[in-house]
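In what follows, chains are A, B, ... by sequence order, proteins preceding strands, each numbered from 1. Excluded from the calculations below are hydrogen atoms, water molecules and symmetry mates; all remaining heavy atoms, backbone and side chain alike, are included.
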Number of protein chains: 2
Amino acid sequence: MKYKNYTISDIKEMLTQQGIKPSIQRMKILEYIVKNRNHPTVDMIYNAIKFEIPTLSKTTVYNTLKELVKKGILIELLIDENVIRYDMNISPHVHFKCKICGKIYDYDMNCEIFEKKEIDGNRIEKYNVYLFGICKECLKKGDGRHGN
Amino acid sequence: MKYKNYTISDIKEMLTQQGIKPSIQRMKILEYIVKNRNHPTVDMIYNAIKFEIPTLSKTTVYNTLKELVKKGILIELLIDENVIRYDMNISPHVHFKCKICGKIYDYDMNCEIFEKKEIDGNRIEKYNVYLFGICKECLKKGDGRHGN
DNA sequence: TATATAGTTGTAATAATTATAAACTTGAAA
DNA sequence: TTTCAAGTTTATAATTATTACAACTATATA
Ligand SMILES: [Mn+2]
Ligand SMILES: [Mn+2]
Ligand SMILES: [Zn+2]
Ligand SMILES: [Zn+2]
């Protein structure tokens with residue numbers, strides 16, 4: 001998957017276009033997600049940018065992410081049991097999580113599900129598709145080992 | 001979707017076959033899930049059977065569910081942000097959650113995803129497909145109202 | 001009966017998230 | 001420039017699902 005390269009002024013514009021004032025905290029948070037497409041948790045974001053903004057509060061990260069989700073800029077991934085991950089809300093895609101290394105991979109998949117706007121009369125507005133297993137790299141490392 | 005009707009001795013056998021001793025607590029917990037296909041949370045299960053087993057501890061519900069998941073009898077649904085739901089591990093199916101009434105519906109869907117055993121070299125072992133929107137009933141109730 | 005093992009229970013600990021209220025920023029009006 | 005109000009950030013406390021732990025209980029075997 002290839003992503004558009006966002007500049008800092010793209011990020012500012014994403015915020016202002018949604019009526020969110022582009023404070024330094026909000027810009028750094030969104031910039032982190034946009035530049036590191038790693039489906040981060042709140043803690044990953046907080047730890048990554050607290051050096052740039054030493055006064056940063058984790059509450060601000062929570063508040064900002066919630067706001068960005070509400071505005072549709074981000075989506076939440078419930079792929080882990082105990083923590084929410086965040087992702088750019090781009091075209092629908094599928095997530096694969098490796099149970100060995102924990103990495104999460106993006107995949108485009110022209111799945112019929114994504115086409116359907118309703119199922120049995122129920123209106124579909126959102127999709128989450130999570131795949132779990134062992135990734136290419138971990139399969140290679142584990143070659144011949146039991147359990148893989 | 002139509003389910004097999006489990007008797008109490010089916011439930012006992014499911015446990016013994018997996019090497020789990022069929023204590024009264026474990027049987028009641030599994031019986032609840034099997035008889036009420038409502039994708040319950042720990043609290044739903046606990047509150048439903050604590051009248052039959054007044055000494056029941058919520059820890060036992062947690063322990064039993066974890067064990068049943070490990071043995072492959074149940075699966076966990078991460079469809080809600082803050083709580084785990086449990087489901088019989090039957091043939092792969094799709095879950096639809098209504099954002100109005102909160103109900104979760106099962107759907108069979110012959111999706112190509114369920115056929116694939118690998119994607120880009122990664123070995124797929126498990127699938128979770130969650131759909132979100134407004135269910136048939138809530139659409140009907142909300143007819144002509146804004147927001148629906 | 002004595003004893004070991006597995007199962008259950010109540011309580012405490014953990015950890016992610018949310019609530020709250022005080023402090024700070026900012027930008028416009030006076 | 002000063003004042004003021006609205007919006008934003010911060011630190012702390014509260015909430016809540018889940019897990020850890022240790023004591024207690026039931027069961028089976030010798
Ligand atoms: Mn993604
Ligand atoms: Mn189901
Ligand atoms: Zn891996
Ligand atoms: Zn509904």
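- Think of the region where chain B sits on DNA chain C: with heavy atoms and a 4.0 Å cut, that region ends 5' and 3' at C/dG7 to C/dT11.
- A salt bridge is absent between B/E67 and B/R26: the closest approach of a Lys/Arg side-chain nitrogen to an acidic carboxylate oxygen does not fall below 4.0 angstrom.
- Formation of a donor-acceptor pair under 3.5 Å by the A/R123 side chain with backbone atoms of A/E118 is not found in this model.
- Note on B/T60: a base of the nucleic acid sits closer than 4.0 angstrom, heavy atoms only.
- Cluster annotation: A/V69 is connected to A/I90 through the hydrophobic network of ILVMFWY side chains, with a link wherever side-chain heavy atoms come within less than 4.5 Å.
- Between A/C98 atom SG and A/E137 atom CD the span is 8.5 Å, to the nearest 0.5 Å.
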statement: Letter by letter from the 5' end, nucleotides 17-25 of chain D scores (B base, S sugar-phosphate only, - none; protein heavy atoms under 4.0 Å) SBBB-----
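- As judged by a 4.0 angstrom heavy-atom cut-off over every strand, A/T41 is placed among residues making no nucleic acid contact.
- Placement of B/I20 and B/I24 within a single hydrophobic cluster is found when ILVMFWY residues are connected by side-chain heavy-atom separations under 4.5 Å, directly or transitively.
- Neither side chain, B/N38 nor B/Y86, offers a donor N or O lying under 3.5 Å from an acceptor on the other.
- Per the geometry, CG belonging to A/L65 stands 16 Å off C1' belonging to D/dT8, to the nearest Å.
- For A/L56 and D/dT9, the CG to C1' distance is 9 Å, given to the nearest whole Å.
- B/S23 has no side-chain polar atom (N or O) that falls below the 4.0 Å cut-off from OP1 or OP2 of D/dA26.
- Regarding A/E67, its CD atom lies at a distance of 12 Å from the P atom of D/dG7, rounded to whole Å.
- Residues A/M88 and A/Y6 approach most closely at CE-OH, 3.8 Å, considering heavy atoms.
- Residues A/G72 and A/N89 share a closest heavy-atom pair of O-ND2, 3.1 Å.
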